[in-house]
Enquirer: 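Provided herewith is a single structure, encoded as C-alpha cells, for subsequent inquiry.
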Amino acid sequence: MRTGQDLELVHLTKRYGDTVAVRDISHVFSPASYVCLLGPSGCGKSSTLRMIAGHEDVSEGSILLDGSDIAPLPPARRGTAMMFQNYALFPHLSVRDNVAFSLRMRGVDKAERHARAGQLLELVDMSAYADRLPAQLSGGQQQRVALARALITEPKVLLLDEPLSALDPFLRIRMRAELKRLQRDLGIIFLHVTHSQDEALALADEVVVMNNAVIEQAGPPRTVFNAPRTEFVARFMGGHNVIALGGGKAALRADDVRISESGLPAVVTAVEYQGSSVAVTARTDAGEDVLALMPEGDFFAAPTNPGDAVRLSWDEGRLHQLQA
C-alpha cells in the first residue's frame with residue numbers, strides 16, 4: 001500500500017469527437033516530486049493536465065490522488081490547484097484580494113483570509129505589493145501573485161501550464177529557481193507542462209516525454225537525456241544524433257562526435273558559434289547529417305568552414321541502441 005500523496009493516472013484517455021488527444025496512459029507520480037510533462041504542441045500534455053485539474057472531462061480511465069478517484073469531482077474538491085499560462089488575475093482586485101479570492105468564495109471571514117493571503121505573499125516575496133493592482137506589477141511579479149493564489153487552497157498537487165513562457169529569458173531562469181525552492185519547501189507534487197527541454201532538465205525530478213497522445217518515456221532528467229529509448233525522444237531532447245546501425249538505429253550525443261584525422265568522410269554544412277562551444281553539422285556520404293558539439297577552444301585550434309571535407313569519429317561504446 002502506498003503512503004503519502006501520490007498521483008496516479010490509470011488507463012486515462014481523452015477524445016474530442018474522432019480525435020484521440022490522450023490515449024490510454026498509465027503513470028504514477030511520486031509524492032513530493034517536481035514533474036515536467038514535456039513534448040511538442042498537440043502531443044496531449046495540456047489535455048492531461050486539464051483532465052487532472054477537472055477542466056476537461058475524462059473519456060475513459062481514472063485519476064487517483066492518494067488512492068481515491070478524483071475524476072468525478074468538481075475542480076474545487078479535488079485537492080489540486082492550477083496556475084494558468086496567462087495568470088488570469090482579477091484587474092480590479094488588489095494583490096491581497098486576488099490571493100484571498102478562493103477563500104472569499106468559501107465564506108472565510110475577511111480577517112482570516114487576509115492573514116492567510118499575507119502568509120502566502122511572504123512565501124513568494126510579494127508582501128510589499130499587497131495593496132497594488134495587477135496592472136502595477138511586472139510579469140514576474142504577477143506570476144508570483146498567481147502562484148500564491150493557487151497555493152492558498154493548500155493543494156496536494158499544483159498544476160502549472162507553461163507558467164514561464166510569457167517571461168523574458170533572464171527572468172525565466174530566476175523563476176525556475178523560485179519554483180523549485182517553493183516545491184521543496186511545500187513538499188507537494190508540482191506537475192509542470194512545458195515544451196522547453198532546457199526547462200524540464202533544469203526543474204524536474206522526473207521528466208515525462210509525450211508524443212502522439214502517449215508517454216514515450218519517463219524517468220529522471222539525466223536518464224531521459226543520456227539514454228533515450230526511442231528516436232523521437234533522442235531527437236526531441238536535443239544534443240543527440242540518430243545513426244543508422246546495422247538493422248536498427250542508435251543515439252549518439254553530439255559532444256561525443258570528434259573531427260579527426262581518420263573516420264567517416266563528411267562535408268561541413270553549417271558552423272554555429274555558441275559561446276563555450278561550437279556546433280558543427282556535417283553530411284556523410286550516405287546523406288546523414290551529424291552534429292558535433294565541440295569545446296570552442298578545440299574548434300578554433302583547427303577551425304572548419306562550410307564546404308570543408310572532414311572525417312568524423314566517436315567511441316563505439318558511446319552509441320546507445322534505440323527501440324524500433
Side-chain angles (χ1 to χ4, degrees), residues 23 36-45 194-202 204 206-324:
R23 186 187 304 277
C36 283
L37 277 180
L38 176 66
S41 296
C43 71
K45 58 188 188 298
T194 180
H195 60 265
S196 166
Q197 297 87 335
D198 289 348
E199 200 167 285
L201 292 172
E206 181 184 39
V207 174
V208 177
V209 183
M210 293 190 70
N211 182 39
N212 289 335
V214 299
I215 295 172
E216 286 257 341
Q217 185 171 352
R222 196 172 174 202
T223 302
V224 174
F225 183 80
N226 286 310
R229 280 194 203 139
T230 65
E231 181 174 352
F232 171 80
V233 175
R235 292 192 187 281
F236 187 77
M237 292 305 294
H240 285 85
N241 296 288
V242 176
I243 306 286
L245 190 68
K249 291 183 176 179
L252 176 68
R253 279 177 51 157
D255 55 357
D256 285 328
V257 179
R258 298 181 295 276
I259 293 175
S260 55
E261 299 285 321
S262 60
L264 191 66
V267 174
V268 175
T269 57
V271 175
E272 186 179 79
Y273 176 65
Q274 297 180 346
S276 60
S277 60
V278 177
V280 178
T281 306
R283 184 162 295 160
T284 68
D285 292 348
E288 281 191 321
D289 288 324
V290 178
L291 176 66
L293 195 62
M294 305 170 60
E296 63 104 26
D298 292 359
F299 175 84
F300 286 108
T304 59
N305 294 295
D308 288 354
V310 295
R311 288 186 177 269
L312 306 174
S313 64
W314 52 81
D315 179 349
E316 294 292 322
R318 300 294 289 168
L319 290 169
H320 172 75
Q321 191 76 40
L322 297 172
Q323 294 175 1

Enquirer: Compile the donor-acceptor pairs under 3.5 Å between side chains in residues 246-257 and protein atoms, sequence neighbours left out, one pair per line.
Expert:
{"from": "Lys249", "atom 1": "NZ", "to": "Glu231", "atom 2": "OE1", "distance (Å)": "3.0"}
{"from": "Arg253", "atom 1": "NE", "to": "Asp255", "atom 2": "OD1", "distance (Å)": "3.0"}
{"from": "Arg253", "atom 1": "NH1", "to": "Asn226", "atom 2": "OD1", "distance (Å)": "2.4"}
{"from": "Arg253", "atom 1": "NH2", "to": "Asp255", "atom 2": "OD2", "distance (Å)": "2.7"}
{"from": "Asp256", "atom 1": "OD1", "to": "Arg318", "atom 2": "NE", "distance (Å)": "3.3"}
{"from": "Asp256", "atom 1": "OD2", "to": "Arg318", "atom 2": "NE", "distance (Å)": "2.9"}
{"from": "Asp256", "atom 1": "OD2", "to": "Arg318", "atom 2": "NH2", "distance (Å)": "3.2"}

Enquirer: Show the nearest heavy-atom pair for residues Leu312 and Ala282, with the distance to one decimal.
Expert: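 Smallest heavy-atom distance, with atoms named: CD1-CB, 4.2 Å.
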
Enquirer: Is there a side-chain contact between Pro228 and His240 in this structure, where contact means two heavy atoms from C-beta onward sitting under 4.5 Å apart?
Expert: yes

Enquirer: Could you walk me through whether Gln217 and Thr230 satisfy the side-chain contact (heavy atoms from CB on, under 4.5 Å) test, starting with their C-alpha distance in whole Å, then the side-chain angles of each, then the deciding distance to 0.1 Å, before giving a yes or no?
Expert: CA-CA 8 Å; Gln217 185 171 352; Thr230 65; 5.5 Å; no

Enquirer: Does any part of the side chain of Val280, heavy atoms only, come nearer than 4.5 Å to the side chain of Phe299, both counted from C-beta?
Expert: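 A side-chain contact under 4.5 Å exists here.
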
Enquirer: Please evaluate residues Val207 and Gln197 with respect to the criterion side-chain contact (heavy atoms from CB on, under 4.5 Å), reporting the C-alpha separation (whole Å), side-chain torsions for both, the decisive distance (0.1 Å), and the verdict.
Expert: CA-CA 9 Å; Val207 174; Gln197 297 87 335; over 6 Å; no

Enquirer: At what distance, to the nearest 0.5 angstrom, does CG of Asp198 lie from CE of Met237?
Expert: 9.0 Å

Enquirer: Contact between Val268 and Asn305 at the side-chain level, heavy atoms closer than 4.5 Å - yes or no?
Expert: no

Enquirer: Got a sec, which pairs hit salt bridge (Lys or Arg N to Asp or Glu O under 4.0 Å) with one end in residues 283-298, sequence neighbours left out?
Expert: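 Those involving residues 283-298 are Arg283-Asp289.
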
Enquirer: List the atom of Pro265, the atom of Arg311, and the distance in Å for their closest heavy-atom pair.
Expert: CG-NH1, 3.5 Å

Enquirer: Please say whether more than 12 non-hydrogen atoms of neighbouring residues, nucleotides or ligands are located less than 6.0 Å from CZ in Arg258.
Expert: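 Count over threshold, so yes.
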
Enquirer: Can you name the closest pair of heavy atoms from Thr269 and Pro306 and give their distance?
Expert: O-CB, 4.0 Å

Enquirer: Minimum heavy-atom separation for Ala279 to Gln274, with atom names?
Expert: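 Minimum heavy-atom contact is CB-NE2, 3.7 Å.
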
Enquirer: Side chain of Gln321, backbone of Leu245: donor and acceptor closer than 3.5 Å?
Expert: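 Flag not set: sc Gln321 to bb Leu245 has no pair under 3.5 Å.
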
Enquirer: Do Arg235 and Val242 make a side-chain contact, defined as non-hydrogen atoms from C-beta onward lying under 4.5 Å apart?
Expert: yes

Enquirer: Given side-chain contact (heavy atoms from CB on, under 4.5 Å), test Ile243 with Val290 step by step and report yes or no.
Expert: CA-CA 8 Å; Ile243 306 286; Val290 178; 4.2 Å; yes

Enquirer: Side chains of Leu38 and Phe236, heavy atoms from C-beta outward: is any pair under 4.5 Å?
Expert: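 Yes, close enough: below the 4.5 Å cut-off.
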
Enquirer: To the nearest 0.5 Å, tell me how far Thr194 OG1 sits from Lys45 NZ.
Expert: 7.5 Å

